[in-house]
Amino acid sequence: MEIEEFVEKYYVERQHTNSLKWDLLEERFGQADLLPLWVADMDFKVSQAITKILKDRILHGVYGYTFVGKSYYQAYNNWMETYFSFPIKEEWVRFSTGAVQAIYHLLYTFTDENDSVIIQTPVYYPFSDAVKDTNRRLVNVDLVNNDGYFTIDFERFEQEIIGQSVKLYIHCSPHNPVGRVWTEEEQAKLFAICQKHNVLIISDEIHQDFTFEHEHIPAANVSEGVHRPRVITVNSASKSFNIAGLTHCNIVITDDELRQKYDDFANSMFKTEANIMGLFATEAAYVDGMDWIDSLKNVIFHNYEIVRDYFTKFAPEITVSPLEGTYLVFVDLRKVVKSDEMVEFIQGKCGLAVDYGEWFGEGYEGFIRLNLATKPENIEKAVQTIVEQLG
């Protein structure tokens, strides 16, 4: 489907629909009249396959207790095997209401209070929140910024693991917000360090379906699966198919001992039922969602090109990180806007709501993250306004 056709068919106005992204701007940013390009959900209707299956459930009229049927596991397995060469066994899978909630539960299961947990910043800020909220010790290792292209500081990563007696690493793949799709070689080197020092890996792969001219390698597949016994994968259709509000997430634990330990924790701490709408929507997405997401990805990358090309032409001092994965682009404004004037510039002058760099880690003041999952006109308006306000 062409970009214009997809946007015309699926773009939807979301104001006054209890949308966190659009309707809580006053509470979040202190201004209601902003163009929201912040929190990671989309301004596009879900695929027709999802709409149909949810409509059928609504017309059925009963939302009672449910169970996860064989067809769900088959659909999930087919998706993972077809697109990521990672076949999934039914017994490996557990569920959560979301990736963030899953990380909290996994931290409680596999670490103790005051244990050290390592992350690579700038990174999705609920990682650090989860570590702090569970009374674990947060260890930050900055990625290396090479003119907007971020790489891993392996030496520092290992030094901190040794020096801080790190027990667990939260991996972000593809990486939010810097847009990297980690290579096989990068992950192999990273996980070899974890194996050497007996560090468990939680791999948040919720953006796995958004890659552009790069291949997402699941952490569990790296080095022919040699690290799989220490990898716990968290993924979901929520980002890919814009169904985060249906609160359904997969946790894949291939190792029997780790899975038993998780089950013991779950049985003692929570008894969450699966969300019937989340289950059916996810299954529909995995069965019949690829055409929709392929068309969506064309829109996302087109919007990225708008940002990259416009700033390159009219404000070359602005650095735009290459978009290998996710639908979020990291932009460095430090050469054109003083860090302590960023909020006034972005909100007061440009009328935009964005995720600010410092949310993702200390020292990233002057960066912003833009959500590209909207119609191109909104992205054009944002970049044009930024350039105009720079004078």
Which class fits the ring pair [X] and [Y]: parallel under 30°, tilted 30 to 60°, perpendicular over 60°?
X: Y10; Y: W292; result: perpendicular
X: H175; Y: W182; result: perpendicular
X: F265; Y: Y108; result: parallel
X: F110; Y: Y262; result: parallel

Before we go on, tell me: are the rings of [X] and [Y] under 6.0 Å apart, centre to centre?
X: Y76; Y: W79; value: no
X: F44; Y: Y327; value: no
X: H105; Y: F270; value: yes
X: F191; Y: H171; value: yes
X: H207; Y: Y124; value: no
X: F360; Y: F367; value: no

Verdict with supporting geometry, H227 and C194, side chain to side chain contact (heavy atoms under 4.5 Å, CB included): CA-CA 9 Å; H227 302 291; C194 291; over 6 Å; no
Would you say that [X] contacts [Y] through its side chain, given a criterion of any heavy-atom pair below 4.5 Å between the two side chains?
X: R136; Y: K167; answer: no
X: I58; Y: Y63; answer: yes
X: M42; Y: T374; answer: no
X: F345; Y: V336; answer: no

Atom pair CG/CH2 of D256 and W92 - distance to nearest 0.5 Å: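 If I round to the nearest 0.5 Å, the distance is 10.0 Å.
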Salt-bridge test for [X] and [Y]: reply yes if a basic N is under 4.0 Å from a carboxylate O, no otherwise.
X: K52; Y: D56; result: yes
X: R156; Y: E160; result: yes
X: R14; Y: D41; result: yes

Residues Y364 and N145: side-chain donor-acceptor under 3.5 angstrom: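 There is no such pair between these side chains.
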Chi angles and distances behind the side chain to side chain contact (heavy atoms under 4.5 Å, CB included) call for N235, I206: CA-CA 4 Å; N235 63 25; I206 201 166; 5.6 Å; no
Test side-chain hydrogen bond (donor to acceptor under 3.5 Å, both in side chains) applied to E362 and T121, step by step: CA-CA 8 Å; E362 293 182 8; T121 47; over 6 Å; no
Member of I3, V7, D43 meeting the side chain to side chain contact (heavy atoms under 4.5 Å, CB included) criterion with K375: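 Of all the options given, the one that passes is V7.
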Passing option when V299 is tested against Y304, Y11, F6 for side chain to side chain contact (heavy atoms under 4.5 Å, CB included):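 That would be F6; it is the only one of Y304, Y11, F6 passing the side chain to side chain contact (heavy atoms under 4.5 Å, CB included) with V299.
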Q48 CD: over 12 foreign heavy atoms closer than 6.0 Å: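 Open: at most 12 neighbouring heavy atoms sit under 6.0 Å from CD of Q48.
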Verdict with supporting geometry, I318 and I386, side chain to side chain contact (heavy atoms under 4.5 Å, CB included): CA-CA 10 Å; I318 296 175; I386 288 173; 4.3 Å; yes
side-chain hydrogen bond (donor to acceptor under 3.5 Å, both in side chains) between N146 and T151, worked out: CA-CA 8 Å; N146 304 285; T151 56; 3.1 Å; yes
Residues D332, R334; criterion salt bridge (Lys or Arg N to Asp or Glu O under 4.0 Å); working and verdict: CA-CA 6 Å; D332 184 354; R334 291 175 298 172; 2.7 Å; yes
Partner of Y104 by side chain to side chain donor-acceptor pair (under 3.5 Å), out of D129, D133, T134: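 Answer to the side chain to side chain donor-acceptor pair (under 3.5 Å) test with Y104 among D129, D133, T134: D133.
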Evaluation steps, side-chain hydrogen bond (donor to acceptor under 3.5 Å, both in side chains), between N221 and R228: CA-CA 7 Å; N221 279 1; R228 188 172 290 185; 2.7 Å; yes
